[in-house]
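To keep things clear, I will list the structure first and then write my remarks on it.
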Amino acid sequence: MRITEARVIVTCPDRNFVTLKIITDDGVTGVGDATLNGRELAVASYLTDHVVPQLIGRDPTRIEDTWQYLYKGAYWRRGPVTMSAIAAVDTALWDILGKLAGLPVYKLIGGRSREGVTVYGHANGDTVEDALVEVARYVDLGYRAIRVQTGIPGMASTYGVSKDKLFYEPADAAIPTENVWSTSRYLNHVPTVFNRVRDEFGPDVKLLHDVHHRLTPIEAARLGKSLEPFSLTWIEDPVPAELQEGFRLIRQHTTTPVAVGEVFNTVWDCEQLIREQLIDYIRATVVHAGGITHLRRIFDLAALHHVRSGSHGATDLSPVCMAAALHVDVAIPNFGLQEYMRHTSATDEVFPHGYHFEGGYLHPSEEPGLGVDIDEELAAQYPYKPASLPVNRLEDGTMHSW
Ligand code: EZ4
Ligand code: CO
């Protein structure tokens with residue numbers, strides 16, 4: 001059995017997605033997500049120009065060998081573009097293997113370890129009052145875990161507050177939108193938000209908050225301490241994580257759990273964070289961390305060090321990534337939480353899928369393979385639109401992490 005063709009499909013059903021479809025000589029096909037928000041065409045070119053020619057004629061069941069071939073064979077290792085491209089190939093090959101075996105992918109990687117995948121949704125609002133209304137909406141929808149973000153008094157905009165409540169799309173302009181940031185206003189405001197949320201919704205609902213890489217370690221330590229009375233499940237990306245040892249400082253000061261990793265590409269981005277138990281949740285996911293094969297390696301290392309998974313699941317990760325993530329989530333021993341930002345109906349129509357939400361859980365498809373596909377005719381009706389993520393500046397104009 002051989003790979004005969006691989007197509008790179010770029011489509012924009014309300015937002016841009018890059019998808020790889022691999023076709024074999026006996027007609028079985030597989031799909032993989034290759035979307036890198038704001039840099040989509042770089043991955044599309046990496047696949048079309050450099051990877052696809054090397055796939056033709058290969059045995060699609062040699063998943064590990066193909067991963068190693070693309071990783072070691074490029075000579076230039078790691079990085080989001082390379083690892084998203086490798087992820088797309090790897091995901092598509094697992095999809096094909098599942099179809100050949102007649103089994104959902106989760107059964108090929110150890111089988112079910114839990115009845116459903118606990119997900120968290122995003123409640124947000126310009127004011128605390130608006131955010132409370134949104135928390136109530138997610139509670140009513142059955143969510144057991146809710147991320148809460150609000151506007152900050154005195155600041156025109158911040159990360160995580162959306163116009164269109166169930167959907168959040170930060171890549172909102174071809175040339176990046178400019179936001180302004182004040183750490184002191186933020187640190188003073190956030191504890192007041194969670195004080196209100198806990199007061200209204202009680203101790204049972206899991207609460208999370210995304211700092212989106214904006215603090216230094218000692219500032220993050222102060223935030224974590226100030227949130228301890230409200231028992232958060234995690235603070236996310238408290239600081240940019242290039243300096244892994246920087247997280248030691250956060251750990252010395254607070255028991256608020258820490259989650260990191262949505263921008264990580266390989267186990268080498270979090271090896272020290274995990275080995276030294278500097279984090280509680282690792283947020284890498286299928287598309288940006290080298291596919292199912294490499295993500296499982298990260299999660300296996302994490303399991304040895306009391307670190308659980310908390311995979312990224314924003315709207316810029318396509319339903320193909322979500323389908324694959326759910327197979328991993330339901331199988332691994334150290335699953336923690338899965339982020340779930342809903343896709344728009346246009347996206348859902350382009351990517352027909354068998355996973356579904358019920359009572360706070362997502363359930364992977366029981367169909368052979370991943371249980372997701374791309375409708376290529378429909379996809380062709382939504383041409384690519386340039387869109388960039390925002391940039392962030394301090395009040396004096398200094399560039400800051402967004
Ligand atoms: O800003 O996926 O936890 N979720 C996030 C996301 C990221 C986007 C970037 O493309 O932080 O909303
Ligand atoms: Co995040």
Side-chain angles (χ1 to χ4, degrees), residues 12 14-18 33-43 80-81 83-84 87 119-124 138 143 145-150 157-174 176-177 179 181 186 190 206-215 220 223 232-241 257-265 269-270 279-289 309-322 325 336-344 347 385-392 400-402:
C12 186
D14 292 332
R15 66 155 3 278
N16 292 314
F17 294 108
V18 180
D33 183 19
T35 308
L36 185 61
N37 201 5
R39 295 292 185 270
E40 295 87 357
L41 300 184
V43 188
V81 175
M83 298 312 292
S84 299
V119 296
Y120 69 92
H122 289 199
N124 63 82
Y138 279 95
Y143 284 78
I146 302 171
R147 189 186 93 163
V148 186
Q149 311 288 137
T150 69
S157 62
T158 185
Y159 165 77
V161 180
S162 59
K163 295 166 211 115
D164 197 357
K165 287 305 170 200
L166 274 180
F167 312 104
Y168 176 59
E169 184 42 71
D172 57 1
T177 301
N179 292 353
W181 177 253
Y186 171 79
V190 177
K206 290 185 162 72
L207 297 175
L208 303 82
H209 178 70
D210 192 348
V211 185
H212 222 258
H213 325 270
R214 285 159 189 220
L215 303 178
L223 177 70
L232 265 63
T233 295
W234 76 46
I235 51 171
E236 174 174 330
D237 291 329
V239 300
V258 174
V260 187
E262 65 186 46
V263 304
F264 293 173
N265 316 123
D269 295 327
C270 48
I279 59 173
D280 301 281
Y281 296 88
I282 176 70
R283 302 196 65 254
T285 193
V286 175
V287 55
H288 300 135
S309 74
S311 288
H312 191 203
T315 31
D316 48 294
L317 284 59
S318 90
V320 176
C321 177
M322 181 56 81
L337 272 179
Q338 168 68 53
E339 184 180 27
Y340 176 43
M341 264 164 123
R342 285 159 193 260
H343 290 109
T344 66
T347 299
K385 282 193 207 131
S388 298
L389 290 168
V391 296
N392 207 16
H400 195 66
S401 303
W402 174 71

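Counting starts at 1 for both ligands and their atoms, following the listed order.
- At least one N or O atom of Asn37, backbone or side chain, sits closer than 3.5 Å to an N or O atom of ligand 1.
- Under 4.0 Å from ligand 1, the heavy atoms of Asp210 that appear belong solely to its side chain.
- Nearest heavy atoms, Arg15 versus Thr315: CD-O, 3.1 Å.
- At the shortest separation from atom 6 (C) of ligand 1 among protein heavy atoms lies Tyr159 OH, 3.4 Å.
- In terms of modelled atom types and a separation under 3.5 Å, the side chain of Tyr138 and the main chain of His122 share a donor-acceptor contact.
- Near Ala314, with a cut-off below 4.0 Å to any heavy atom, the atoms of ligand 1 are 2 (O), 6 (C).
- A donor-acceptor pair under 3.5 Å is absent between the side-chain atoms of Tyr159 and the main chain of Trp402, judged by distance alone.
- The shortest heavy-atom contact between Ala325 and Gln338 is CB-OE1, 3.8 Å.
- Across Val81 and Ala42, no two heavy atoms sit closer than the pair CG1-O, 3.9 Å.
- Contacts between Trp402 and ligand 1, counted as non-hydrogen atom pairs separated by less than 4.0 Å, involve the side chain only.
- Gln149 is not listed as a side-chain neighbour of Tyr168, based on a closest heavy-atom distance of 4.5 Å or more.
- Summarising the geometry of Pro176 relative to Leu389, their closest heavy-atom pair is CB-O, 3.3 Å, with the distance given to 0.1 Å.
- Taking each heavy atom of Val161 and Thr150 in turn, the nearest pair found is CG2-C, 3.5 Å.
- The heavy atom nearest to atom 1 (O) of ligand 1, considering only His122, His212, His312, is found in His212.
- Contact atoms of ligand 1 toward Arg147: 3 (O), 4 (N) (distance under 4.0 Å to a heavy atom of the residue).
- Looking only at side-chain heavy atoms (C-beta outward), Met322 and Tyr340 come within less than 4.5 Å of each other.
- Within the listing of ligand 1, atoms 3 (O), 4 (N) sit less than 4.0 angstrom from a heavy atom of Glu339.
- Atom 11 (O) of ligand 1 has as its closest protein heavy atom Glu262 OE2, 2.7 Å.
- Nearest heavy-atom pair, Val287 versus Cys321, reported as atom, atom and distance to 0.1 Å: CG1-SG, 3.6 Å.
- Here's the thing with Glu236: one of its N/O atoms is less than 3.5 angstrom from an N/O atom of ligand 1.
- Protein heavy atom nearest atom 8 (C) of ligand 1, with residue, atom name and distance: Asp316 OD1, 3.5 Å.
- Protein N/O/S atoms found under 2.8 Å from the Co ion (ligand 2): Asp210 OD2, Glu236 OE2, Glu262 OE1.
- Listed by chain and number, the residues in a ring pair (Phe, Tyr, Trp, His ring centres under 6.0 Å) with Tyr281 are Trp234 (sequence neighbours excluded).
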